[in-house]
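Here's the structure we're looking at; comments come further down.
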Protein chains: 2
Amino acid sequence: MNDGDGGAGSTAPRKRSDARRNERTLLDAAAAVFVTSGVEAPVRDIAARAGVGVATIYRHFPTRADLIIAVYRHQVEACAEAGPALLESSATPHAALERWVNLFVDFLVTKHGLAAVLRSDDPGFGALHAYFIDRLLPVCARLLEAAATAGEIRADVDAYELMRGVGNLCIGADNDPRYDARRLVELVIAGLRVRR
Amino acid sequence: MNDGDGGAGSTAPRKRSDARRNERTLLDAAAAVFVTSGVEAPVRDIAARAGVGVATIYRHFPTRADLIIAVYRHQVEACAEAGPALLESSATPHAALERWVNLFVDFLVTKHGLAAVLRSDDPGFGALHAYFIDRLLPVCARLLEAAATAGEIRADVDAYELMRGVGNLCIGADNDPRYDARRLVELVIAGLRVRR
DNA sequence: TATCGTTTCGGAACACGGTTCCGTTTGCTC
DNA sequence: GAGCAAACGGAACCGTGTTCCGAAACGATA
């Protein structure tokens with residue numbers, strides 16, 4: 001949470017320089033390994049890539065979830081911020097919702113194995129699940145609400161359920177040419193529409 | 001495939017009695033353990049429950065997928081056979097499709113962890129994936145085709161993609177009270193309908 | 001029923017990945 | 001430069017899947 005150099009200037013003891021350097025190195029290494037081997041790549045691989053010992057990973061990122069969060073934080077933030085922007089720039093709330101969901105799906109399917117781990121009941125990934133929910137659920141809820149208010153979609157859809165469902169649909173969407181998650185998600189979005 | 005007592009009387013050397021007994025015992029034990037601990041329960045747990053050594057499991061079921069298949073074969077068969085029956089007994093092909101998909105979903109969500117393993121890219125589960133596809137895909141395709149012919153749904157939906165999507169939606173549907181896979185699947189089915 | 005060859009068994013051993021521990025090193029402060 | 005705390009690295013530990021091999025059980029034969 002606190003990287004040691006910014007902060008509110010309160011009780012942050014500023015980390016040692018090698019610690020900060022390693023943290024950065026680890027993030028880069030993890031990002032690289034995630035691209036080639038997926039987010040479930042062995043910890044040792046990431047450590048080797050970064051040229052550090054495995055314990056250093058655990059020291060900086062107590063759970064694997066923390067590491068994944070740190071690696072993708074920027075992109076998740078961008079996705080979260082895109083919500084309101086899309087709502088403003090789109091012709092209709094439904095269009096905004098659709099575009100936002102596509103953004104989310106594109107993010108998930110390009111990160112090998114991320115969707116699979118997002119819903120994992122493994123307590124080790126609880127933090128990851130929580131982060132995504134905390135950050136994106138309100139955005140999704142806002143879009144849903146706007147579309148429902150505009151009478152474009154059913155009012156009985158729960159944002160959590162939708163996000164969870166979309167996340168699930170993205171699982172394994174890489175490495176299977178016969179399966180296109182985007183099409184299925186599109187089907188769900190179509191199912192949301194009120195029948196006229 | 002061949003349990004050693006039936007067969008075409010060709011080259012089946014009839015297995016030893018203890019082997020047959022253990023196979024049955026293992027199936028029962030696995031079924032029991034799957035109910036309480038899910039299909040990803042440790043091999044040792046299943047062996048212990050059956051009162052046999054771990055090697056005995058591997059001897060009878062070379063991969064975990066083979067064991068899972070054997071345990072659920074009856075139910076999968078029943079699901080497959082329900083397809084044509086529903087098509088005949090339902091008012092419309094679309095109704096039959098909906099009911100069949102619900103059957104499939106009910107099956108998946110009541111088997112802890114099965115959906116998660118069904119789509120797994122782990123080669124060890126390839127046989128499981130293949131079995132489900134082999135057995136159920138034609139049934140699903142038939143229902144889709146009938147509904148499409150009747151003009152009730154889009155004609156551009158691929159059966160594989162639908163099954164895969166439905167399977168994905170069922171992942172983790174147990175142990176999360178906020179997530180109801182049935183509702184999401186319903187949304188997909190609704191999305192299939194042609195807009196009038 | 002006693003013997004023997006073969007099948008099957010059981011558990012130890014191995015492989016592999018996550019996680020923790022501890023002696024050593026490094027950076028910071030004085 | 002000395003002292004101290006933070007941080008490090010890699011060995012060790014643990015749980016799980018998988019394989020190996022000596023022992024036991026089976027069933028045919030005499």
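Here is how names work: the chains are called A, B, and so on, in the same order as the sequence lines, proteins then strands, and each is numbered from 1. Just so you know, these numbers come straight off a predicted model, no measurement behind them.
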d(CZ, A/Phe125; C1', C/dT19) in whole Å
14 Å
In whole angstroms, the gap separating P of C/dG27 from CZ of A/Arg21 amounts to 6 Å
Closest of D/dG27, C/dC9, D/dC8 to the B/Arg20 side chain is D/dG27
Expressed in angstrom and rounded to an integer, what is the separation of B/Glu40 atom CD from C/dG17 atom P?
17 Å
Whole-Å distance between C/dT19 P and A/Phe61 CZ?
14 Å
Candidates D/dT18, D/dA7, D/dC26 - which lies nearest the side chain of B/Arg44
D/dT18
Give the nucleotide from the list D/dG27, D/dC8, C/dA12 with an atom nearest to the side chain of A/Asn22.
D/dC8
Take the protein atom CG of A/Leu26 and the nucleotide atom P of D/dA7, then report the distance between them rounded to whole Å.
14 Å
Side-chain contact test, heavy atoms from C-beta onward, threshold under 4.5 Å: evaluate it for B/Arg182 versus B/Asp106 and give yes or no.
yes
One thing to verify: whether B/Asp158 and A/Arg183 come together as a salt bridge, which I'm taking to mean a side-chain N less than 4.0 angstrom from a carboxylate O.
no
Geometric class of the B/Phe104/B/Phe132 ring pair [parallel <30°, tilted 30-60°, perpendicular >60°]
tilted
Whole angstroms only, please: what is the CD1-P distance between B/Ile46 and D/dT16?
12 Å
Looking at D/dT19, C/dC21, C/dT19, which one has an atom nearest to any side-chain atom of A/Val43?
C/dT19
Separation of C/dC28 P from A/Lys15 NZ (nearest whole Å)
13 Å
Does any N or O donor sit under 3.5 Å from an N or O acceptor when you compare the side chain of B/Arg59 with the base of C/dG10?
yes
For B/Arg142, I'd like to know if atom CZ has over 12 heavy atoms of other residues, nucleotides or ligands within 6.0 Å.
no
Does a side-chain N or O from A/Ser17 land closer than 4.0 Å to OP1 or OP2 of C/dT26, or not?
no
Do we see a donor-acceptor contact under 3.5 Å between the side chains of A/Thr63 and A/Asp66?
yes
Could you tell me how far apart A/Ile57 (CD1) and D/dG10 (P) are, to the nearest whole angstrom?
13 Å
First encountered from the 5' end of DNA chain D, between B/Tyr58 and A/His60
A/His60
Side chain A/Arg64 and base C/dG18 donor-acceptor under 3.5 Å
no
Winner on side-chain proximity to B/Ala19, out of C/dT8, C/dT19, D/dC8, is C/dT8
With a 4.0 Å cut-off on heavy atoms, is A/Val52 in touch with a base, just the backbone sugar-phosphate, or nothing at all?
sugar-phosphate
Side-chain atoms of A/Asp18 come closest, of D/dC20, D/dC8, C/dT19, to D/dC8
For the side chain of A/Arg16, starting at C-beta, report the closest nucleotide among C/dT8, C/dC28, D/dA11.
C/dC28
